[in-house]
Amino acid sequence: MGLLSIFKKKDASAEPQKPASVASKPAETKKEVKPVADKITLGYTHLSGCTGCTVALADNYAGLLTLLDKYVDLKYMPTLADARHIQKVDVSFVEGSVCINDKLAVEEIKETREKSAIVVALGGCACYGNITRFSRGGQQNQPAHEAYLPIGDLIKVDVFIPGCAPTPQMIRNVAVMAYLLLKGTKEQKDLATAFLTPLMKLTEKNEACFCELMTQVINQGLCMGCGTCAAACPVNAITMEYGKPQGERDLCIKCGACYSQCPRSWFSFDVVENYEAINEAIMAALQ
Amino acid sequence: MGAELGKYKSVISARSTDKELLKHAQDGGIVSSLFAFALDEGIIDGAIVAASKEFAAKNPSKVIIDSSNFDMIEPWRPIPAIVNTKAELLAAAGTKYNISPNVALLKEATRAFGLDKIGIVGTPCQMQAVRKAQLYPIGMRDVGASIALAVGIFCMENFPYQSILQLVEDHAAMKLESVKKMEIGKGKFWVYGKRGQVVQLPLKVTHKYEQPGCHVCLDYVANLGDISTGSVGSPDGWSTVFVRSKIGDSVWAKAMAAGVFETQPMEKVKPGLELVTKLANEKITKNKATLEARKTFGVGKALRNPYI
Amino acid sequence: MSKVVEISPTTRHEGHSKLTLKVNDQGIIETGNWCSITPVRGVEKLAVGKTPEQVPKIASRVCGICPIAHCLAATEAMEASIKCEIPNDAKLLRQILQLANRLHSHALHDILILPDFYIPGTETKINPFTAEEPVRTVAKRIQRLREIGQTIGQIAGGDCIHPRNTRIGGMYRNVSEQAKTKMYDLAKEGLVLAHAQSEFMIAVIRNYHKRDFVDVGGMKVPMPKDLGYHSQGYLATHPFYGSSSLEECPTWDPRRFKEARPWDWYMGEMTVDLEEPRYPIGGTTKAGTKVNPQMEACTGIPMYDGQPVEVGPRARLVTYKNFDEKGTLGQNVAREMEYQDSLYEMLDCIDELNTAGKVVADYIPNGDGSLGWASNEAPRGTDVHLARVKDWKVQYFSMLVPTTWNFATCSAALRGAPWQLAEVIMRGYDPCVSCATHMVVLDEDNKLVAQKLIQ
Ligand SMILES: Cc1cc2nc3c(=O)[nH]c(=O)nc-3n(C[C@H](O)[C@H](O)[C@H](O)COP(=O)(O)OP(=O)(O)OC[C@H]3O[C@@H](n4cnc5c(N)ncnc54)[C@H](O)[C@@H]3O)c2cc1C
Ligand code: SF4
Ligand code: SF4
Ligand code: SF4
Ligand code: SF4
């Protein structure tokens, strides 16, 4: 609880903030106020993904505007803004896996790592390969584009946000926590660390599909039949049969949502027991 | 207050004032009355509960059914369902001692069902699932903010369906169809028949049938519900109620003001909070030992510990 | 003497693409090549051997901005191949989902193009993320419109980015009465916002095109009155949905379709010799860089009756509504005009939906290998998928997606414009590039296609 009371205090003081410019601001209009000093800088590298992750970010609706006003300075994100080249940033979101047969993609992921303090693999493709795991080349006009790897196979990744598409709320929560981690007081940093730890631990493994539920939860005698996995699956690959999950592996796209959403894959009492205060604080931060 | 009972604002012994409802309820009718009240007041616009085959037959669009052929669904097998009225709540009242994957409906509730304010009842582990989904909504888009009332029910252990079949039909020598109610209390597993038979089985018998996943469970009294309730601690026909969150506090206060429940102070009732604490401690201690044992389960190989 | 300038990567659209432009001394484009440089994930090839149920779920993930189009076109191509009729209420749910996606996608496009435009009557370009008025009100309205679209899509489709409720033979679930009412209320709210939004956008777009000069990175660029004009034709298969039968929709006849490889179409190796560091933001490609669109392009050049055609909002309005404004202006205006209609259509569909109706076909055949196709009018144009399913396995799968059509047409439309406005022209097509990275080679298959269709 100690962590949270501080978070809230900070929250009140963080209230009146000036609007900030975004990288998309056309060079011509110079009259705007400059970024709030303690915003974090964010980059967005788009590799072999479908932009659904970007849409999920945008689906914070009005909350996206608040994030940009108060906490995040968007430095590089060609889909939404004009900055064309990867910049040095505090946090990079990476969408999509890497086609190792495409020189540009390999350069971009390496450059992203070199220029970012924190790299977040956003979405099933970046974390686990997702549907690009099924790729096997042979399609014109680039038949040699055949091998795709989740970004963690090429660089060190700090945080995973699995799912396909990932959810706006998860992206929002990670963005707010990254802000606290980098700009907060000691106690806010502790809270952010506690919150992000499970997502950091997820990076230890670059593979997840329904099989993870089988091998790491059900086979381990941990499943208690809550049904969360079935709700989480974005392709209806999981049904609950006599209270236990059955995975239709012919449908599974390898997004990792079921596994990481399952309360028995990982569960942090420290954080989840404070759900009420943390949720309130995140919501207040976005007011 | 020790950590074994979780955080709570108040604890009280209570019973619904609705006599009709009490006929269907397991204990004090807390869950069904709360939801009925919340539906009336517009606090929720639907609730996820554990219904039955009969309910599913009448309301096929309100349930998720597994791949069994409908007529293969056995008596006492719970079917997660969304209910919108008091009558539907009553049809789903009472405890089914086997797994009802209620959380499986949580996302669909906000989609095909069009709910904006969801009520959900579940065991402590299901409450953990709900809160994890709110804080880490990895595969649960637009769900968290729609959860308007989560009611947790105490839980020592749960059973796969087939365990209940064996317990009732083999050990208690009763056909599942003819069972009116099942209950765990006073150290026994009770089976009440529709024709008045009562069979009690020692819990020693039931242990081997428990769901293995329950043996790593560290929550007895649904610490993460907005409100949580169970029979333990209160007299027969009454329930022990923990009011835990702000949401819980506000709903409970409104329900009390509306006369939905009659109450007795927890200190006045027998066996009281002491027993709840004792059982919670027993469960947690036992399951912590299981987690410990899993560390050295193999030869130099551990089984996974989900808690970080 | 013509010079070569390259803008890479292009911004404010989905995916990775670039513009390689040969320009004259005045900076006017003589030949423009717009090509995709997104790696080809090979969805058409990886689909082979999979089940027809899984392939649409993968196809959806080809693009996150028009996933609905891909999911529905793929599903319906499979259904056409196995000859499965779906119940009416399933069709209605799909139509609602389709229109909801159009609403959100058009609104998103507004955010992407706004920075090109000026607040009317001022010299201030619009930063959609600024907290200053009047822009903030518009940004909030756009986000609310998107929220309405996404929420309705989520109810009808199970999820709104990649839909979860669609399946071969119909939908997994019908929706409840409560959900139906919620969709209706949201659509009503959207209608009011959509009127205001399209009015605002059309004013902004017209104001831009009326200017004599526009500013690009401090360069004063003359505004041609025929920005983005081309002489290619248009293709649209339905005002808002699509079709999978020739009787229903004679406009799309696969027999009239051909595809060329970029080799025949794009420019060969060249060296960049015009470099403009002022071009926002980060400048154009460095002089001396070797470029080779022929080799780099990740898409083919699809043709209808031997010519590239334009698909998208204007193509739909030209085909079904006698719309006649040309160029980039016409394209952007047409898109804005689709807002209201998508909501009126949606209200009709919601009205007609019977929530007690069944949504899955009684019988779902396993397929005998026949060719099936389905077109779907994605927000950015006609999306056609073709499939063969035999014994519940996909034998052949092909996706002819909107932006692929538009690559060649847009390249033609670049000619005659100042190079600094090339991206403005390109954005008029609302490009969605990830999905365009493919190539259907129907040449050898063409006969087969024709035969099957004639039978
Ligand atoms: C597996 C299990 C073990 C339990 N163990 C204990 C215990 O050790 N000590 C104790 O005091 N109480 C225990 N309970 C709780 C107790 O049996 C009653 O459910 C609780 O007191 C609520 O009673 P009520 O009269 O207020 O609710 P009612 O008004 O009868 O409503 C009960 C609600 O629970 C739902 N429900 C029924 N079965 C399940 C299920 N399997 N999963 C999820 N939801 C379900 C019903 O649909 C209904 O909505 C257990 C319950 C379950 C399901
Ligand atoms: S994770 Fe899903 S939404 Fe994100 S890029 Fe991959 S396919 Fe698209
Ligand atoms: S089963 Fe579903 S949720 Fe799990 S990895 Fe596969 S697609 Fe994702
Ligand atoms: S989410 Fe985990 S614990 Fe719950 S049913 Fe699925 S596998 Fe079991
Ligand atoms: S004992 Fe724990 S894991 Fe088992 S059903 Fe009860 S709450 Fe869930």
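On a predicted model such as this, the values are computed, not experimentally measured, just so you know. Throughout, protein chains are lettered first and strands after them, A, B, ... in sequence-line order, and every chain is numbered starting at 1.
- Looking at heavy atoms from C-beta onward, A:L222 lies in side-chain contact with B:R294 at the 4.5 angstrom threshold.
- The two residues B:K107 and A:A232 make their nearest non-hydrogen contact at NZ-O, 3.4 Å.
- Between atom CG of residue B:L218 and atom CZ of residue A:F267 there is a gap of 9.5 Å, rounded to the nearest 0.5 Å.
- The candidate with the highest count of non-hydrogen atom pairs below 4.5 Å against chain B, out of A:C229, A:A257, A:A230, A:G225, is A:G225.
- Note: A:S268 leads A:S268, A:A165, A:G163 in heavy-atom pairs under 4.5 Å with chain B.
- Annotation: the span from B:I138 atom CD1 to A:S260 atom OG amounts to 4.0 Å, rounded to 0.5 Å.
- At a 4.5 Å heavy-atom cutoff, the contact between A:C233 and chain B is made by backbone atoms alone.
- Counting heavy-atom pairs under 4.5 Å between each of A:E273, A:Q246, A:M283, A:E241 and chain B puts A:E241 at the top.
- Heavy-atom distances place the backbone of A:C262, and not its side chain, under 4.5 Å from chain B.
- Taken from CG in B:D66 to CE in A:M240, the straight-line distance is 9.5 Å, to the nearest 0.5 Å.
- Around atom NZ of B:K288, no more than 12 heavy atoms belonging to other residues, nucleotides or ligands sit under 6.0 Å away.
- Contact annotation for B:R304: both backbone and side-chain heavy atoms come within less than 4.5 Å of a heavy atom of chain A.
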### Query
Are A:R264 and B:C125 close enough, and set up right, to give a side chain to side chain contact (heavy atoms under 4.5 Å, CB included), and what steps lead you there?
CA-CA 9 Å; A:R264 289 289 168 85; B:C125 56; 4.3 Å; yes
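- Top candidate by heavy-atom pairs under 4.5 Å with chain B, chosen from A:C255, A:A56, A:G221, is A:G221.
- Going from atom SG of B:C214 over to atom CE of A:M224 covers 8.5 Å, rounded to the nearest 0.5 Å.
- Heavy atoms closer than 4.5 Å to chain A are found in the side chain of B:Q211, but not in its backbone.
- Within the 4.5 Å cutoff, the side chain of A:T239 has heavy atoms near those of the B:S67 side chain.
- Neither the backbone nor the side chain of A:I171 comes within contact range of chain B; no heavy atoms are under 4.5 Å apart.
- Distance check: B:N158 CG to A:C226 SG gives 12.0 Å after rounding to the nearest 0.5 Å.
- Nearest approach of B:Y136 to A:P198, heavy atoms of both residues: OH-CG, 3.7 Å.
- When all heavy atoms are compared, the tightest approach of B:V103 to A:A231 is O-CB, 3.5 Å.
- Taking chain A as the reference chain and counting heavy-atom pairs below 4.5 Å, the highest number among B:L105, B:L135, B:L224 is found for B:L135.
- Counting heavy atoms from C-beta on, the side chains of B:I308 and A:K201 come closer than 4.5 Å.
- Within the structure, the salt bridge (Lys or Arg N to Asp or Glu O under 4.0 Å) test picks out the following pairs touching residues 115-139 of chain B (sequence neighbours left out): B:D116-C:K182, B:R131-B:D226.
- Looking at A:E276, only its side chain comes within 4.5 Å of chain B, counting heavy atoms on both sides.
- Residues B:K246 and A:E280 are in side-chain contact: their nearest non-hydrogen atoms beyond the backbone lie under 4.5 Å apart.
- B:P160 does not touch chain A: none of its heavy atoms, backbone or side chain, sits under 4.5 Å away.
- When the candidates A:V271, A:T228, A:N173, A:I238 are compared by the number of heavy-atom contacts under 4.5 Å with chain B, A:T228 comes out ahead.
- Each of B:S68, B:P306, B:G213 has some count of heavy-atom pairs under 4.5 Å with chain A, and the biggest count is that of B:P306.
- Closest of all the heavy-atom pairs between B:G139 and A:Q261 is N-OE1, 2.8 Å.
- Looking at A:Q216, the atoms closer than 4.5 Å to chain B (heavy atoms on both sides) sit in the backbone and in the side chain alike.
- Side chains of A:W266 and B:Y307 form no contact here, defined as non-hydrogen atoms less than 4.5 Å apart.
- At a cut-off of 3.5 Å, with distance as the only test, a side-chain donor of B:E74 or A:Y242 sits close to an acceptor on the other residue.
- With a 4.5 Å cut-off on non-hydrogen atoms, B:N102 touches chain A through its backbone but not through its side chain.
- Using a 4.5 Å heavy-atom cut-off against chain A, the contacting residues of residues 140-149 of chain B are B:M140, B:R141, B:D142.
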### Task
Apply the test side chain to side chain contact (heavy atoms under 4.5 Å, CB included) to residues A:K244 and B:I99: give CA-CA distance (whole Å), side-chain angles for both, the deciding distance (0.1 Å), then the verdict.
CA-CA 8 Å; A:K244 292 287 157 102; B:I99 308 160; 3.6 Å; yes
